[in-house]
Amino acid sequence: MTNSQQRPLRIAIIGSGPAGVYAADLLTKSAPVASGELTLSIDLFDRYPAPYGLIRYGVAPDHPRIKGIVNALHKVLDRGDIRFFGNVDYGTDLTLEDLRRHYDAVIFATGAIKDADLNIPGVELEGSFGAADFVSWYDGHPDVPREWPLDAKEIAVIGNGNVALDVARVLSKHADELLVTEIPDNVYRALTSSPVTDVHVFGRRGPAQVKFTPLELRELSHSHDVDIVLYPEDFEFDEASDREIQTNNQVKTMVGTLTNWIAEQPEDPAELTASRRLHLHFLQSPVEIVDSPETPGRVAGIRFERQELDGTGNVRGTGEFEDYPVQAVYRAIGYFGSALPGLEFDHRRGVVPNDGGRVLGADGEFVLGVYTTGWIKRGPVGLIGHTKGDALETIGHLLDAREELPAAAEPSEAAVRDLLESRGVEYTTWEGWLALDAHEKALGAAAQPAVTHKGEVARERVKVVSREEMVAISNGAAVSR
Ligand SMILES: Cc1cc2nc3c(=O)[nH]c(=O)nc-3n(C[C@H](O)[C@H](O)[C@H](O)COP(=O)(O)OP(=O)(O)OC[C@H]3O[C@@H](n4cnc5c(N)ncnc54)[C@H](O)[C@@H]3O)c2cc1C
Ligand SMILES: NC(=O)c1ccc[n+]([C@@H]2O[C@H](COP(=O)([O-])OP(=O)(O)OC[C@H]3O[C@@H](n4cnc5c(N)ncnc54)[C@H](OP(=O)(O)O)[C@@H]3O)[C@@H](O)[C@H]2O)c1
């Protein structure tokens, strides 16, 4: 007889980013549950006191359209059939052994929060930053320092993905334009005093090989008092580029946008009128971050090797090098997942080894009852919506195996709460998040309106940054379900 027939099937999901929430939602809406054949009891854990993962600590604050997705995820967790335990770190507060004792199945949806490594000389210099760290800072991540050194006038951003565009946009935008969003006060203050005049974004391939998307590219031109600058010599297209432009609408749109911009820009740079500029460079591969001769240990520039397209859409070095004087370098070359205690890890791809979401052990066999979804399953690429497809595949395998799952020894809902309490873990709950959410919105309503070039705009939210404060506000109103 299966567990599911005697009692609800107990499932733990680690990570309350979109992948984890979609997995929980899809499980509750699956056919065996809808038909009444199966009942479930799902607990969703996150190391942060608040839910939503990179939606809260990755998505740029000036992307309010993502709010629609947050509203949908909110509805899922607000139904009351999925318990949320925030401020619980898998690996510290709970082990795999604990989870196996309390749950019949575990889904790891832990995403990625770190930068991929860039192995070039000078990467360790002061003024060389990982984009993921900067993003965490401007999104008010509880575990990063509150101060960020915004003292550079000229900045290089390496990479041609959407994160590079986010970082370049936030660095070049005037702070008051961001004040209408949910940026924390410390971030606004630091951005206000930034002396930046020029942000240079460098892609190692051509305009037809960019990884960013049309909407995000066009958005660059919406920043007030920021001119976009392009370089005609970068507009190289090989056979593969032409094929992409003809067959891929997204590429065609982006190349169209870039070529329109270049046609519209004044030939004489002196005719640019904005106080800040955002430069887009292509076919430049970074080879060294240059140390300052005057202040050794500090970034004084960045050296690139010019690239040429090789006919396949890839590039090769030309042997020509160019230095750009910059005082800060942001490396936006992709995120990378972190190993999870008790599970194998693919150090090359930064994922938990799996087959369609079924976690694999060192012997290459399935680890019974252990699953994965989202970025930690397939790598740090793709939009929020893509994690739904991931979750569907993973929960399909879990449900197919429901008769063979290793039964939990202590499956009661109370047992895991007791365990956390016995360990002194100050976990937060869904009701706690509702309290924190309301608190942040109230801070926004009480704050001075932002004065932008469009006039005064109310602030929608002011994020609470400190973990202690987040937990205190959450737990002040917490009522366990
Ligand atoms: C800077 C940035 C901006 C982005 N902007 C957009 C955008 O505008 N639109 C869009 O569609 N997509 C955007 N994306 C992509 C989107 O964020 C991802 O597709 C999505 O968040 C991946 O979901 P996930 O649930 O796999 O991972 P995550 O969102 O990273 O969630 C993982 C969760 O697991 C938790 N966790 C990790 N380790 C542990 C542990 N040991 N114990 C407990 N919990 C743990 C984390 O705290 C986190 O909450 C952006 C990505 C980045 C990096
Ligand atoms: N607004 C949004 O919708 C939004 C915002 C942010 C992120 N996201 C999504 O989140 C995912 C991750 O984004 P991402 O920007 O981190 O990653 P990404 O899309 O994979 O882009 C990484 C970029 O870094 C470049 N790169 C990698 N290694 C490099 C090196 N050694 N030297 C120079 N350049 C290097 C890549 O160039 P090559 O192509 O040549 O490898 C690519 O241009 C993407 O799917 C993205 O769309 C979405």
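Treat the numbers as computed from the prediction; the structure is a model and nothing was measured. Quick note: numbers below take in every heavy atom, side chains included, and nothing from hydrogens, waters or symmetry partners. Note that ligands are numbered from 1 as they come in the structure, with each ligand's atoms numbered from 1 the same way.
At the shortest separation from atom 43 (O) of ligand 2 among protein heavy atoms lies Asn160 N, 2.9 Å. Considering only non-hydrogen protein atoms, atom 9 (N) of ligand 1 sits nearest to Ile66 CD1, 3.5 Å. Among all non-hydrogen protein atoms, the one lying nearest atom 52 (C) of ligand 1 is Val163 CG2, 4.0 Å. Here the heavy atom of the protein found nearest to atom 15 (C) of ligand 1 is Gly382 O, 3.5 Å. Of the protein's non-hydrogen atoms, the one nearest atom 11 (O) of ligand 1 is Ile384 N, 3.0 Å. Nearest protein heavy-atom contact of atom 2 (C) of ligand 2 is Glu216 OE2, 3.7 Å. Residue, atom and distance of the protein heavy atom nearest to atom 25 (C) of ligand 2 are Gly159 CA, 4.1 Å. Atom 20 (C) of ligand 1 has as its closest protein heavy atom Pro18 CG, 3.7 Å. Nearest to atom 25 (O) of ligand 1 among the protein's heavy atoms is Ala19 N, 2.9 Å. Protein heavy atom at the shortest distance from atom 12 (C) of ligand 2 is Pro380 O, 3.5 Å. Summary of contacts: the protein heavy atom closest to atom 5 (N) of ligand 1 is Val59 CG2, 3.5 Å.
Residues Gln284 and Gln307 have side chains that never bring a donor and an acceptor to within less than 3.5 angstrom of each other. A side-chain donor-acceptor contact under 3.5 Å links Ser241 and Asp238.
Under a 3.5 Å cut-off, the side chain of Asn162 and the backbone N or O of Thr213 do form a donor-acceptor pair. Although no hydrogens or angles enter the test, the distance criterion places a donor-acceptor pair under 3.5 Å between the side chain of Glu236 and the main chain of Leu309.
A salt bridge links Arg277 with Asp198: the distance from a Lys NZ or Arg NE/NH1/NH2 to an Asp or Glu carboxylate oxygen falls below 4.0 Å. We find that Arg10 and Asp104 are not joined by a salt bridge, their nearest charged nitrogen and carboxylate oxygen being 4.0 Å or further apart. Under the 4.0 Å criterion applied to side-chain N and carboxylate O atoms, Arg467 and Asp143 are assigned as salt-bridge partners. With respect to the salt-bridge test (charged N to carboxylate O, under 4.0 angstrom), the residues Asp139 and Arg56 do not qualify. The pair Asp115-Arg331 does not count as a salt bridge, with every side-chain nitrogen at least 4.0 angstrom from each carboxylate oxygen. With respect to Glu219 and Arg169, a salt bridge is recorded, a charged nitrogen being found less than 4.0 Å from a carboxylate O. Salt-bridge annotation for Glu308 and Arg316: present, with a side-chain N of the basic residue lying under 4.0 Å from a carboxylate O of the acidic one. A salt bridge is defined here as a Lys NZ or Arg NE, NH1 or NH2 lying under 4.0 Å from an Asp or Glu carboxylate O, and Glu393 with Lys377 meets this definition.
Counting the atoms of ligand 1 from 1 in the order shown, those under 4.0 Å from a heavy atom of Asp89 are 40 (C), 41 (N), 42 (N). Of all the atoms in ligand 1, the ones that sit under 4.0 Å from a non-hydrogen atom of Gly374 are 26 (O). Numbered from 1 in the order shown, with element, the atoms of ligand 1 that lie under 4.0 Å from a heavy atom of His63 read 8 (O). Interface of Gly58 with ligand 1, defined as ligand atoms under 4.0 Å from a residue heavy atom, comprises 1 (C), 2 (C), 3 (C). Close contacts of ligand 1 with Asp166, meaning ligand atoms under 4.0 Å from a residue heavy atom, involve 3 (C).
Under 4.0 angstrom from ligand 2, there are no non-hydrogen atoms of Phe336. With a heavy-atom cut-off of 4.0 Å, Val88 touches ligand 1 through its backbone alone. Under 4.0 angstrom from ligand 1, there are no non-hydrogen atoms of Ile376. Only the side chain of Thr387 comes within contact range of ligand 1, with a heavy atom under 4.0 Å; no backbone atom does. By the criterion of a heavy-atom distance under 4.0 Å, neither the backbone nor the side chain of Asp390 is placed next to ligand 1. When non-hydrogen atoms are compared, ligand 2 lies under 4.0 Å from neither the backbone nor the side chain of Leu215. The residue Ala131 has no part lying near ligand 2, judged by heavy-atom distances below 4.0 Å. With a 4.0 Å cut-off on non-hydrogen atoms, Leu165 does not touch ligand 2 at all.
Annotation: Tyr324 is in aromatic contact with Phe202 [ring centroid separation under 6.0 Å]. Proximity of the aromatic rings of His281 and Phe304 is defined here by a centroid distance below 6.0 angstrom, and this criterion is not met. The six-membered or imidazole ring of Trp430 lies near that of His74, with a centre-to-centre distance under 6.0 Å. With ring centers used as reference points, Phe45 lies 6.0 Å or more from Phe84.
Compare Trp375, Tyr48, Tyr335 by their heavy atoms: the one nearest to atom 51 (C) of ligand 1 is in Trp375. Considering Asp115, Leu44, Leu54 only, the shortest heavy-atom separation from atom 29 (O) of ligand 1 involves Leu54. Among Val135, Ile113, Ile13, Asp46, the residue whose heavy atom lies nearest to atom 46 (C) of ligand 1 is Asp46. Looking at Glu216, His141, Arg47, Arg378, it is Arg47 that brings a heavy atom closest to atom 44 (N) of ligand 1. With atom 7 (C) of ligand 2 as the reference point, the heavy atom nearest to it among Asn162, Val201, Ile66 is part of Asn162. When the options Ala60, Gly382, Gly161 are ranked by their closest heavy atom to atom 21 (O) of ligand 2, first place goes to Gly161. Closest heavy-atom approach to atom 32 (C) of ligand 1 within the set Gly53, Gly15, Ala109, Ala112: this belongs to Ala109.
A heavy-atom separation below 4.0 Å is found between His63 and ligand 2. Between Ser285 and ligand 2 there is no heavy-atom distance shorter than 4.0 Å.
Of the N or O atoms in Lys211, one or more lie within a sub-3.5 Å distance of an N or O in ligand 2. Backbone and side-chain nitrogen or oxygen atoms of Arg204 are examined, and one is located within less than 3.5 angstrom of a nitrogen or oxygen of ligand 2. The shortest N/O to N/O separation between Thr213 and ligand 2 does not fall below 3.5 Å. When only interatomic distances are considered, the shortest N/O to N/O separation between Trp375 and ligand 2 does not fall below 3.5 Å. Ligand 2 has an N or O atom lying under 3.5 Å from an N or O atom of Val163, backbone or side chain.
Residues Val123 and Ile289 approach most closely at CA-CD1, 3.9 Å, considering heavy atoms.
When the options Lys388, Arg79, Lys75 are evaluated for a side-chain hydrogen bond (donor to acceptor under 3.5 Å, both in side chains) with Asp25, the one that passes is Arg79. The ring-ring contact (aromatic ring centres under 6.0 Å, His included) with Phe129 is formed by just one residue from the set Tyr138, Trp148, Trp137; it is Trp148. Among the candidates Arg459, Lys463, Arg461, the single residue satisfying the salt bridge (charged side-chain N to carboxylate O under 4.0 Å, His left out) test with Asp185 is Arg459.
Asn354 contributes atom CG, which lies 9.5 Å from atom CG of Asp346 (distance to the nearest 0.5 angstrom).
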